[in-house]
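Got a structure for you, written out below as structure tokens; questions coming shortly.
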Amino acid sequence: MNYKQARDFISETGRYGSVYGLSSIRALMARLGNVQEHLRILHVAGTNGKGSVCAMLAAVLQAAGYRTGVYASPAVWEPEEIIKVNGHVISQEDFAALAQKVQAACRDLFAEGLPHPTAFEVETAIAFCFFDQQGCDYAVLETGLGGASDATNLITHPVCSVLTSISRDHMALLGNTLEEIAAEKAGIIKPGCPCISAAQKPQAARVLAQAAKEKGSVLRMADPDSIAVFSYDSRASRFEAEWEPHPAARRERLSGTLGLTGACQKENLACVLEVVRFLREQGVSMTRDALLEGLAGVHLPGRMEQIGTRPDFYLDGAHNEGAAYCLRETVAKCFASRRVVYIIGVFADKEYEKVLEIMLPHAAFVFTITPDHPRALDAKELACQARRFHPAVTCVPDLAQAAELAQQAAGPDGVVLAFGSFSYLADLKKAQKVESRQKNG
């Protein structure tokens, strides 16, 4: 099997439908030797911040000398980037070889009358097999959707469970209230396995505390106030926090730089530092220098990622209410005196009205596009909704034109910010680069 055949195999799984729950992934991994049980896993769920927390945890573990795998979605630039070891994306050759192995297991299951695994289950199986094959010391595992019924949740004994900020998203699948969504996310908490949570709204915090109590899990809530100083600009963040030279030792001041930026990163960093404290209590060797090196070097595509200058051009995957509030605060702080132009594309099943209401008052102009995805909201409908909150909204038929018009509207000293669905950011980045080359050529 070559790489194209592997991608075709994954695409074709959609014709088999899906079965809700963990039975399919359990059957698949049993055929593959349950290799996930060989791994030391940090399992991460939540609504916002999962990608940032996974990236930070992987970076600091790697800097400390541990071979670390990361499985985190969605992919922003290339499909296989969801699987990495020590910062390196799985090669197309390795992906194809493992896809062939997983395909054989899927065929056996289907021949026996069992459901065919979904695309996400197949990719999850490939990730587990790759991390085992690569001899990873740790694997940082992000849930794809929810928690309790997510394919990643077949693991039985993670090193710890990690919960990032929980807010309203995917309500059709996870529940209509914050409490219902929190209960689904809390499904990753395992009996006897510690759980570390970012700061949560009271409704979510109560649900997590009850779930941990019922499962005999110790719940540790990260405190953002433990970060005494936190500031950021459009490129990076700076912080001062408490640090223990040795577990149970007197805390000292730790000053450093975080390679990620934005208002949301303070809570994410506090969560990561609490996980690091727990790991060091368990004997994980991590020095101050390794921690600072990892945090300074962390990078995450599609999160306040700058892809151009004059005007400054940023991409961000904010697509729900909680992420929009953080992005609004970031825009207000970093670009307060500058002309900001938005490009927006969203899915029809998202609460995009709330995102528009939160974000649009801060824009000079707004351009709407239609992401190339079956769930995409048509740009004309998005523009119609956006005009409820802003007078200068234009529907644009293609991404290259959107990039060109947005840059013209912003001017050389302004800012273009494209946000919403991750699904169109890669295409927009390519379109913007083509436009830049044409201008410079």
Side-chain angles (χ1 to χ4, degrees), residues 20-23 25-26 36-37 39-50 52-54 56-57 138-171 173-227 242 244 247-248 251 264 266-284 322:
Y20 188 73
L22 300 177
S23 60
I25 186 67
R26 283 174 175 154
Q36 75 279 2
E37 296 299 330
L39 303 170
R40 288 183 285 184
I41 293 173
L42 281 66
H43 196 194
V44 182
T47 306
N48 294 309
K50 296 192 301 295
S52 296
V53 167
C54 287
M56 283 189 254
L57 287 173
Y138 287 94
V140 181
L141 198 64
E142 178 187 341
T143 58
L145 178 65
S149 300
D150 187 80
T152 62
N153 203 36
L154 86 158
I155 62 172
T156 57
H157 199 80
V159 174
C160 65
S161 303
V162 182
L163 289 159
T164 66
S165 175
I166 297 172
S167 61
R168 288 164 56 84
D169 198 7
H170 298 291
M171 281 81 71
L173 295 172
L174 305 183
N176 293 315
T177 68
L178 191 60
E179 289 86 351
E180 290 174 338
I181 295 170
E184 174 66 22
K185 306 287 186 183
I188 72 164
I189 301 175
K190 300 294 189 298
C193 298
C195 178
I196 290 90
S197 172
Q200 303 287 355
K201 295 177 182 177
Q203 308 97 300
R206 286 193 291 270
V207 172
L208 299 185
Q210 182 61 32
K213 181 179 179 181
E214 291 174 355
K215 295 182 180 180
S217 170
V218 175
L219 176 65
R220 296 168 59 153
M221 301 294 293
D223 180 10
D225 291 338
S226 65
I227 301 177
E242 295 179 334
E244 304 87 357
R251 293 186 175 184
C264 59
K266 181 179 180 181
E267 289 188 358
N268 293 335
L269 177 60
C271 181
V272 167
L273 292 178
E274 191 61 39
V275 174
V276 169
R277 290 187 185 102
F278 164 74
L279 292 175
R280 294 178 77 233
E281 291 168 4
Q282 303 305 306
V284 171

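Values below: all heavy atoms of this structure, side chains included; hydrogens, waters and symmetry mates excluded.
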- Message: Can you give me the closest heavy-atom contact between Leu178 and Ile166, atom names plus distance?
- Response: CD1-O, 3.6 Å
- Counting only N and O atoms by type, is there a donor-acceptor contact under 3.5 Å from the side chain of Glu274 to the main-chain atoms of Asp223? no
- Main-chain N/O of Ile189 paired with Lys215 side-chain donor or acceptor, under 3.5 Å: yes
- Item | Check: Pro194 and Arg220 side chains under 4.5 Å, non-hydrogen atoms | no
- Can you find a pair of side-chain heavy atoms, one from Met221 and one from Gln200, that are under 4.5 Å apart? yes
- If you round to the nearest 0.5 Å, how far is CG of Leu219 from CG of Leu208? 6.5 Å
- Rounded distance [0.5 Å steps], SG in Cys271 versus NZ in Lys50: 12.5 Å
- Answer yes or no: is there a donor N or O on one side and an acceptor on the other, between the side chain of Asp150 and the main chain of Leu145, under 3.5 Å? yes
- Is a side-chain donor-acceptor pair under 3.5 Å present for Asn48 with Thr164? no
- Using atom types as modelled and distance alone, determine if a side-chain donor or acceptor of Ser161 lies under 3.5 Å from a backbone N or O of Cys195. no
- Message: Within the 4.5 Å heavy-atom criterion, are Val275 and Leu279 side-chain neighbours or not?
- Response: yes
- Checking salt bridge (Lys or Arg N to Asp or Glu O under 4.0 Å) for the pair Lys185/Glu180: CA distance, chi angles, key distance, verdict? CA-CA 9 Å; Lys185 306 287 186 183; Glu180 290 174 338; over 6 Å; no
- Message: Strictly distance-based, threshold 3.5 Å: is any side-chain N or O of Glu267 a donor or acceptor partner for the main-chain N or O of Ser165?
- Response: no
- Message: If I take atom CG from residue Leu269 and atom OG from residue Ser226, how far apart are they, to the nearest 0.5 angstrom?
- Response: 8.0 Å
- Message: Less than 4.5 Å apart, side chain to side chain, heavy atoms only: is that true for Leu141 and Leu42?
- Response: no
- Query: Are the side chain of Gln203 and the backbone N or O of Ala182 linked by a donor-acceptor pair below 3.5 Å?
  - Reply: no
- Query: About how many Å separate CD1 of Ile227 and CG of Leu273, when rounded to the nearest 0.5 Å?
  - Reply: 5.5 Å
- Message: Are Tyr138 and Leu57 packed together at the side-chain level, in the sense that at least one heavy-atom pair is separated by less than 4.5 angstrom?
- Response: no
- Say you draw a straight line from CD of Gln36 to CG of Leu154; how long is it, rounded to the nearest 0.5 Å? 4.5 Å
- With sequence neighbours excluded, residues passing salt bridge (Lys or Arg N to Asp or Glu O under 4.0 Å) with Arg280: none
- Heavy atoms of Pro224 and Ala222 approach each other most closely as CD-O, 3.6 Å
- Message: Looking only at the side chains, is there a donor atom on one of His43 and Thr143 sitting less than 3.5 Å from an acceptor on the other?
- Response: no
- Message: Leu22: which residues meet the side-chain contact (heavy atoms from CB on, under 4.5 Å) condition with it, sequence neighbours left out?
- Response: Ile25, Arg26, Asn153
- Task: For residues Pro158 and Lys190, determine if any side-chain heavy atom of one lies less than 4.5 Å from a side-chain heavy atom of the other.
- Result: yes
- Item | Short side-chain to backbone donor-acceptor contact, Ser52 and Gly49, under 3.5 Å | no
- Message: Checking Thr156 against Glu37: is there a side-chain donor and acceptor pair closer than 3.5 Å?
- Response: yes
- Message: Within the 4.5 Å heavy-atom criterion, are Leu163 and Ile188 side-chain neighbours or not?
- Response: yes
- Item | Contact summary for Glu184 and Gly146, nearest pair of heavy atoms | CG-CA, 3.9 Å
- Message: Any salt bridge linking Glu179 with Lys201? Criterion: basic side-chain nitrogen under 4.0 Å from a carboxylate oxygen.
- Response: no
- Can you list the residues that meet the salt bridge (Lys or Arg N to Asp or Glu O under 4.0 Å) rule with Glu242, with sequence neighbours excluded? Arg251
